[in-house]
Amino acid sequence: MSETIFGKIIAGEIPAELLYEDDHCIAINDIAPQAPVHVLVIPKQCIPRLVDAQADDQQLLGHLLLAAGKVAEQLGVGDAFRLIINNGAGAGQTVFHLHLHIIAGREFAEGHMAG
Ligand code: 5GP
């Protein structure tokens with residue numbers, strides 16, 4: 001559980017302000033925000049990358065999406081946010097413990113995936 005920085009936060013070895021917690025995941029502010037709202041939703045179970053998830057993880061993956069929606073609503077950005085999962089170093093993943101980025105509070109270029 002404590003092999004990545006997120007594992008250490010979940011294990012309580014590194015203090016972090018939890019914006020949300022339930023039995024299966026937590027949400028914390030990103031340490032280097034790319035937007036006014038930049039929150040990470042992190043499962044307590046460590047799946048290194050999305051492609052490492054198995055059929056058994058289906059319920060957890062759905063749970064993470066529902067939790068992300070709840071957290072976005074809680075933060076007042078339920079009407080306009082973007083969810084991002086970086087899978088693999090080539091896509092910019094730096095912490096190998098699956099997480100969803102909730103990005104909000106800035107303009108998003110219409111129809112532009114990366115902006
Ligand atoms: P990735 O690039 O793997 O998709 O996202 C990892 C994210 O974790 C980055 O946006 C980075 O700023 C954030 N991050 C890295 N270390 C820490 C930390 O110790 N605390 C918090 N809150 N965020 C972190």
Side-chain angles (χ1 to χ4, degrees):
M1 175 69 80
S2 54
E3 61 281 357
T4 69
I5 191 84
F6 295 163
K8 291 189 169 112
I9 289 170
I10 289 159
E13 293 165 16
I14 294 176
E17 185 198 346
L18 303 188
L19 303 178
Y20 173 86
E21 179 175 23
D22 63 30
D23 287 348
H24 304 292
C25 66
I26 62 167
I28 58 174
N29 281 313
D30 195 291
I31 204 169
Q34 306 294 308
V37 173
H38 187 172
V39 169
L40 304 171
V41 178
I42 309 170
K44 291 184 174 177
Q45 176 191 330
C46 179
I47 298 168
R49 303 168 303 166
L50 182 63
V51 291
D52 298 313
Q54 304 296 315
D56 279 359
D57 299 316
Q58 184 168 326
Q59 200 165 351
L60 175 62
L61 295 177
H63 181 85
L64 293 173
L65 289 179
L66 289 171
K70 256 192 245 179
V71 171
E73 294 268 30
Q74 183 183 306
L75 295 172
V77 297
D79 284 336
F81 66 95
R82 190 165 278 179
L83 269 189
I84 296 169
I85 297 174
N86 295 322
N87 181 92
Q93 186 175 3
T94 57
V95 180
F96 287 83
H97 180 137
L98 178 68
H99 51 281
L100 286 62
H101 297 253
I102 300 174
I103 305 279
R106 67 165 167 82
E107 292 291 318
F108 294 117
E110 213 174 296
H112 189 268
M113 296 296 289

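Residue pairs meeting the salt bridge (Lys or Arg N to Asp or Glu O under 4.0 Å) criterion with at least one member in residues 56-74, sequence neighbours excluded, do not occur.
When side chains are defined from C-beta on, E17 does not count as touching I28, because their heavy atoms never get closer than 4.5 Å. Side-chain contact between I9 and I42 is absent, with no heavy atoms from C-beta onward closer than 4.5 Å. Between Q58 and L61, every side-chain heavy-atom pair lies at or beyond the 4.5 Å cut-off. Looking at F96 and C46, their side chains never come closer than 4.5 Å, going by heavy atoms from C-beta outward. Side chains of L75 and I102 form no contact here, defined as non-hydrogen atoms less than 4.5 Å apart.
In terms of modelled atom types and a separation under 3.5 Å, the side chain of Q74 and the main chain of G76 share no donor-acceptor contact. Listed for the K44 side chain is a donor-acceptor partner under 3.5 Å among the backbone atoms of D22.
V51 belongs to no multi-residue hydrophobic cluster, having no ILVMFWY side-chain contact under 4.5 Å with any other such residue.
At a threshold of 4.5 Å between side-chain heavy atoms, the hydrophobic network of Ile, Leu, Val, Met, Phe, Trp and Tyr places L66 and V41 in two separate groups. The hydrophobic cluster containing I84 does not contain V37, counting ILVMFWY residues as joined when their side-chain heavy atoms lie under 4.5 angstrom apart, directly or transitively. Linking ILVMFWY residues whenever their side-chain heavy atoms come closer than 4.5 Å, directly or via other members, places L18 and I5 in the same cluster. I26 and L64 end up in different hydrophobic clusters when Ile, Leu, Val, Met, Phe, Trp and Tyr side chains are linked at under 4.5 Å. Tracing side-chain contacts under 4.5 Å through hydrophobic residues (I, L, V, M, F, W, Y), one never reaches I85 starting from F6; they form parts of separate clusters.
Evaluation of the ring-ring contact (aromatic ring centres under 6.0 Å, His included) rule for H101 yields H38, H99 as partners, not counting sequence neighbours.
Here the closest heavy-atom approach between residue N87 and residue L50 is recorded as OD1-N, 3.0 Å. The two residues A67 and C25 have their closest heavy-atom pair at CB-SG, 3.6 Å. Here the shortest heavy-atom pairing between A80 and A104 reads O-CB, 3.4 Å. The minimum heavy-atom distance linking H97 with G7 is given by the pair ND1-N, 3.9 Å. The two atoms that bring L98 and P43 nearest to each other are O-CD, 3.0 Å, heavy atoms only. Scanning both residues, L100 and A68, for their nearest heavy atoms gives CD2-CB, 4.2 Å.
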